[in-house]
Novice: 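One structure coming up, written as structure tokens, with questions to follow.
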Amino acid sequence: MANLLLRHIYKIYPGVGKVKKNAKGEAKKRSGDFVAVKDFNMEIADGEFIVFVGPSGCGKSTTLRMIAGLEEISGGELYIDDQLVNDVDAKDRDIAMVFQSYALYPHLTAYDNIAFGLKMRKVAVPKLDKEGNQIVAIDEKKIGELKNKLKRLYKENESLAKEIESLKADGAEGDSIYYTEKKALLVKRINDAEEELKYYKNTPVPMVTYVHMSKQEIDEKVQWAAGVLGIEELLDSKPAEMSGGQRQRIALGRAMVRGPKVFLLDEPLSNLDAKLRTAMRAEIVKLHNQLKTTFIYVTHDQIEAMTMGTRIVVMKLGVIQQIDTPTNLFDYPENKFVAGFIGTPQMNFFEVDIKREGDKLGATFEDGQSISLELSKLRTIQDKYLDGATHRVYLGIRGENVKLDDAGIKATLTIKEVLGNTTQLFVRLRENDQDFIVSVPERNDLKPGDKVGVSFGEAFVHLFDKETELSIMSREYGNK
């Protein structure tokens, strides 16, 4: 197992070409500096099941690939087991990754697919002298590796310095955070490598040699993984003879046998049908409980996130929106985006004007209808919104907390969806308004076009600032 620390992580894809000036001589931004991940900060404990969730393009897979070493980190520091790994190759990070496409070799059996990484991998064993004692000496191989690493870093630093000078000449110094973050990290990497080289030049260390694992060791690991995943009967089959779920198990087995510190899973269930996805979700959770290893799972499906993760990271446009447990994300979203993304069906939102009226909070909708909510039943609202003046906010409430009530505000039914044990009513306040959802447990005889009254469960009301879209409510109940 391993703990991870991501400190001020950036991923920036720099634009192409030089900065140009317009007709007035003003420096123009060069095209394309794209910030895929911005100031990502998180600490992951041993054995956690962390889920990165968000819409397509939010940076979750990019973050996963930076952890894996498949993408270079533009700025910030990544630690695995308290070791800085920005310069550590992917193969040396002791991480296993399961891809969306499974990436199985079609010409190999399931057994050989699982064993392939073990056959290629070499393990360190002590280098012994004739008397059987481990040799202690200056590690010339390590010194050579560090010298090559420093040459690469010096060259990278020289190239970056020229790029920065070019920006200064064009009057665009500091135009992109890419350069300041990159420069600071590069200097630290050079200093660390120089210190490490100095140590190995002057300090004898225990010597090791690297050998392939024996066939017996490989077979034991493959059989163990097959037993855990229940795929013993598939070991002689090739991928073309398997279902999607079976292929997924083979991909998981290939990662398991390595005994990695961290499992990375990049939307591994997206190619499966709905029923099989549900079954495989449970299998992955069981696997995590059995292995007790750190899992980091990427998905755009918030149902997967809610059912699998011990903590969830919600992302939008490369920025963390909230990190919390599934229930806290559902009950206490910190902003309107999280509130709308987590939960099925999506939370209903209304623009309303709120005003304190004694021990009540009045909320007036855009069509002129209003409701009165008891402050004592609402979560605590920031004082500045309870000063007696009118404030424009977003009111959010989930469909299951909206009730049919003849005494409530009036709306028109547009669509009715019967889902067996529940019925979803799509209603709107005005003709051109967006529908909102009322989820009721009972069936009814309502038809599109019917007028209905609805009321809101006060304990489940969410309020968000109109400008910042941040929640203006605490997690406690009761208002003074």
Novice: Using the test side-chain contact (heavy atoms from CB on, under 4.5 Å), find all partners of K221 that sit at least two apart in sequence or belong to another chain.
Specialist: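 K221 satisfies side-chain contact (heavy atoms from CB on, under 4.5 Å) with L118, M213, V257 only.
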Novice: Around E72, counting heavy atoms of other residues, nucleotides and ligands shown, do more than 12 lie under 6.0 Å from its CD?
Specialist: yes
Novice: With a 4.5 Å cut-off on side-chain heavy atoms, are T278 and T307 touching?
Specialist: no
Novice: Under the rule for side-chain contact (heavy atoms from CB on, under 4.5 Å), what residues qualify as partners of A124, not counting sequence neighbours?
Specialist: V208, Y210
Novice: E158 and K162: salt bridge (charged side-chain N to carboxylate O under 4.0 Å, His left out), yes or no, with the steps?
Specialist: CA-CA 6 Å; E158 183 180 344; K162 289 180 180 178; 3.8 Å; yes
Novice: Where the side chain of Q83 meets the backbone of I80, is there a donor-acceptor pair that is under 3.5 Å apart?
Specialist: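 Not at all, since once roles are kept as given, no pair shorter than 3.5 Å links the two residues.
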Novice: Using the test side-chain hydrogen bond (donor to acceptor under 3.5 Å, both in side chains), find all partners of R7 that sit at least two apart in sequence or belong to another chain.
Specialist: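 Partners of R7 by the side-chain hydrogen bond (donor to acceptor under 3.5 Å, both in side chains) criterion, ordered by chain and then number, come out as E77.
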Novice: Any salt bridge between E71 and K11, counting N to O under 4.0 Å?
Specialist: yes
Novice: Would you mind listing every side-chain hydrogen bond (donor to acceptor under 3.5 Å, both in side chains) that reaches into residues 118-127, with sequence neighbours excluded?
Specialist: D112-K119
Novice: With D39, which residues qualify under salt bridge (Lys or Arg N to Asp or Glu O under 4.0 Å), at least two apart?
Specialist: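 Counting only residues at least two positions away or on another chain, D39 forms no salt bridge (Lys or Arg N to Asp or Glu O under 4.0 Å).
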Novice: With sequence neighbours excluded, what pairs up with K141 under the side-chain contact (heavy atoms from CB on, under 4.5 Å) test?
Specialist: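 So K141 forms a side-chain contact (heavy atoms from CB on, under 4.5 Å) with D139, E145.
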Novice: Got a second to check how far D192's CG is from E195's CD, nearest 0.5 Å?
Specialist: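 Those atoms lie 8.0 Å apart.
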Novice: Answer yes or no: is there a donor N or O on one side and an acceptor on the other, between the side chain of E194 and the main chain of N191, under 3.5 Å?
Specialist: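 No, E194 side chain to N191 backbone: no donor-acceptor pair under 3.5 Å.
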Novice: Can you sort out the partners of Q302 under side-chain hydrogen bond (donor to acceptor under 3.5 Å, both in side chains), two or more places apart, ordered by chain and number?
Specialist: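 Q302 satisfies side-chain hydrogen bond (donor to acceptor under 3.5 Å, both in side chains) with T344 only.
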Novice: Tell me, please, whether Y394 has K336 positioned over its six-membered ring: NZ or CZ under 6.0 Å from the ring centre and within 45 degrees of its axis?
Specialist: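 Yes.
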Novice: Might you work through the salt bridge (charged side-chain N to carboxylate O under 4.0 Å, His left out) test for D266 and K60, ending with a clear yes or no?
Specialist: CA-CA 9 Å; D266 190 5; K60 53 189 184 296; over 6 Å; no
Novice: Under the rule for side-chain contact (heavy atoms from CB on, under 4.5 Å), what residues qualify as partners of P206, not counting sequence neighbours?
Specialist: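 By the side-chain contact (heavy atoms from CB on, under 4.5 Å) rule, P206 matches Q134.
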Novice: Can you pull the side-chain hydrogen bond (donor to acceptor under 3.5 Å, both in side chains) pairs that have at least one residue in residues 89-108, sequence neighbours excluded?
Specialist: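 side-chain hydrogen bond (donor to acceptor under 3.5 Å, both in side chains) check on residues 89-108 returns Q100-S270.
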Novice: Once side-chain hydrogen bond (donor to acceptor under 3.5 Å, both in side chains) is applied, do any residues pair with N328, and if so which ones, sequence neighbours excluded?
Specialist: D324, T325
Novice: Charged N to carboxylate O under 4.0 angstrom, D331 versus R475?
Specialist: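 Between R475 and D331 there is no salt bridge, as every charged N stays at least 4.0 Å from the carboxylate O atoms.
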Novice: Return the set of residues passing side-chain hydrogen bond (donor to acceptor under 3.5 Å, both in side chains) with E48 (not counting sequence neighbours), or none when no residue passes.
Specialist: R311
Novice: Establish, for the pair K38 and Y10, whether the NZ or CZ atom is under 6.0 angstrom from the six-membered ring centre and no further than 45 degrees off its axis.
Specialist: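 Geometry flag: not set, cation outside 6.0 Å or 45°.
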Novice: I'd like to check the ring-ring contact (aromatic ring centres under 6.0 Å, His included) partners of F337; sequence neighbours left out, ordered by chain and number.
Specialist: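 For F337 the ring-ring contact (aromatic ring centres under 6.0 Å, His included) partners, ignoring immediate neighbours, are F341.
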Novice: Look at R392 together with E351 and state whether they make a salt bridge at an N to O cut-off of under 4.0 Å.
Specialist: yes
Novice: Donor-acceptor pair, distance only, cut-off 3.5 Å: does the side chain of T63 make one with the backbone of S61?
Specialist: no
